[in-house]
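To keep things clear, I will list the structure first and then write my remarks on it.
By convention in this document, chain letters (A, B, ...) are assigned in the order of the sequence lines, proteins followed by strands, and residues within each chain are numbered from 1.
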2 protein chains.
Amino acid sequence: MPPSGSPISPSIASRLHDHNHCISTAMETAQRICSDNGVRLTQLREQVLRLIWQSHRPLGAYALMEMLAEQSTRRVAPPTVYRALEFLLEQGLIHRINTLNAFVGCTHPQGDHDNNFMICEECGVAIEFCTEKIQHDIKDSAAQFNFTIKAQSIELVGLCQACTGNKDE
Amino acid sequence: MPPSGSPISPSIASRLHDHNHCISTAMETAQRICSDNGVRLTQLREQVLRLIWQSHRPLGAYALMEMLAEQSTRRVAPPTVYRALEFLLEQGLIHRINTLNAFVGCTHPQGDHDNNFMICEECGVAIEFCTEKIQHDIKDSAAQFNFTIKAQSIELVGLCQACTGNKDE
DNA sequence: AAAGGTATGTTATTATATAACACTATCTTT
DNA sequence: AAAGATAGTGTTATATAATAACATACCTTT
């Protein structure tokens, strides 16, 4: 198990990992964070978070909406989903992938909340990463322009390890 | 004048620059690139590019559409704009800012086409930047995951030099 | 139980983007 | 210059993503 706060391991890119472990860890962490922050991880919010964590592929709000509708008998409208997503974003439990208009679970919900992803255009997996070096360089660049960073998003689109292999061989 | 292929100077962040020069350079460069690539910078495409270059603020497709409609008597529909935008993106003459769903002129349309911007949430200016260092570190990170990068986008949202000053003082 | 705040339901609308097909302009070959 | 091919634009309809505004339900504290 990787140390808490670290990015997910490269093996996720190859889909060779115990994803049930990802899910249970994420749900437990979410409970703790919400309780620490004095906010409520309601049934709906938990349900949405669990759906997002079904894989490492970002899910769109409308896909989530349909999945919710399947799970419960009631009809689910966009604001229901968007409000849950907004909450989860605020608590740092998920990320929004701008290039996809989609949402994915955060693998280190306690640390800095930069948005750094490698997104496989073949299988859809989004791998969160972060390195001290890049952070340092970016701060440097911003300083050159006297720019005050409030939010950061790096999105690399391409092919993950597994899909690169499939293409080449 | 900065050497061809270099990012725009920090002074753009402070809005203290000769923007007419930006526009004329951009339009001339666009003509040359299209001619080099054997593609046509039609009237419509040129018109859209010029509108985008009216400032360093990214413009949404529908805003562009309204501006086009004002300039000509004919009615302008979304596909008209989106097709022109698609062309300009393909030729590397503009960038799409994912966090804003908007488009902005490219300041170095001949080089690598990474998408690295600092976006001021106050005045809306998007400053393009790129550094060897960041590029190097990002390639490094991708290599660790055996990830093949096809497109890259860094978007920093915050306050530009001018707007930081306004807030502090 | 009442009051106040938080969360969700509901309806309507706005914003962004594309599909499909028709028509026009431009280029190429003769 | 005419014919055919290709590229570009017009037009209508629709898909996809997100929010506004207001009503209702649910918790918590008194």
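If you take CG of L100(B) and C1' of dA15(C), they are 14 Å apart, rounded to a whole angstrom. Separating the CG atom of L64(A) from the C1' atom of dT16(D) is a distance of 14 Å, rounded to the nearest angstrom. Between the CD atom of E86(B) and the P atom of dA19(C) there is a distance of 9 Å, given to the nearest Å. Rounding to whole angstrom units, OH of residue Y82(B) and P of dT14(D) are separated by 19 Å. dA15(D) atom C1' lies 15 Å from atom CG of N101(B), rounded to whole Å. Between L85(B) atom CG and dG8(D) atom P the separation is 15 Å, expressed in whole Å. Following rounding to the nearest Å, Q47(B) (CD) and dT9(D) (P) show an atom-to-atom distance of 10 Å.
Every residue meeting the side-chain hydrogen bond (donor to acceptor under 3.5 Å, both in side chains) condition with N37(B), not counting sequence neighbours, appears here in chain and number order: Q91(B). Partners of E86(B) by salt bridge (Lys or Arg N to Asp or Glu O under 4.0 Å), not counting sequence neighbours: none found. R50(A) is linked by a salt bridge (Lys or Arg N to Asp or Glu O under 4.0 Å) to E46(A), counting only residues two or more places apart in sequence or in another chain. Qualifying side-chain hydrogen bond (donor to acceptor under 3.5 Å, both in side chains) partners for T80(A), counting only residues two or more places apart in sequence or in other chains: none. In this structure, S141(B) has no side-chain hydrogen bond (donor to acceptor under 3.5 Å, both in side chains) partners at least two apart in sequence or on a different chain. Applying the side chain to side chain contact (heavy atoms under 4.5 Å, CB included) criterion to Q71(B), with sequence neighbours excluded, gives Q47(B), L51(B). Residues passing the side chain to side chain contact (heavy atoms under 4.5 Å, CB included) test with T99(A), sequence neighbours excluded: I97(A), I119(A), E155(A), V157(A), N98(B). Listed by chain and residue number, K150(A) satisfy the salt bridge (Lys or Arg N to Asp or Glu O under 4.0 Å) test with E121(B) (two or more places apart in sequence, or in another chain).
Looking at residues 33-46 of chain A, you'll see that no heavy atom sits under 4.0 Å from any atom of DNA chain D. For the segment residues 68-81 of chain B, the set of residues with a heavy atom within less than 4.0 Å of an atom of DNA chain C comprises P78(B), P79(B), in numerical order.
Under 3.5 Å, the side chain of Y62(B) and the base of dA15(C) form no donor-acceptor pair of N or O atoms.
Residues F117(A) and I149(A) do not share a hydrophobic cluster, clusters being chains of Ile/Leu/Val/Met/Phe/Trp/Tyr side chains in contact below 4.5 Å.
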Tabulate protein N/O versus nucleotide N/O from nucleotides 23-25 of chain D, keeping only pairs under 3.5 Å, one per line.
none

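Screening residues 59-92 of chain A for ring-ring contact (aromatic ring centres under 6.0 Å, His included), with sequence neighbours left out, gives no hits.
Proximity of the aromatic rings of H17(B) and H19(B) is defined here by a centroid distance below 6.0 angstrom, and this criterion is met.
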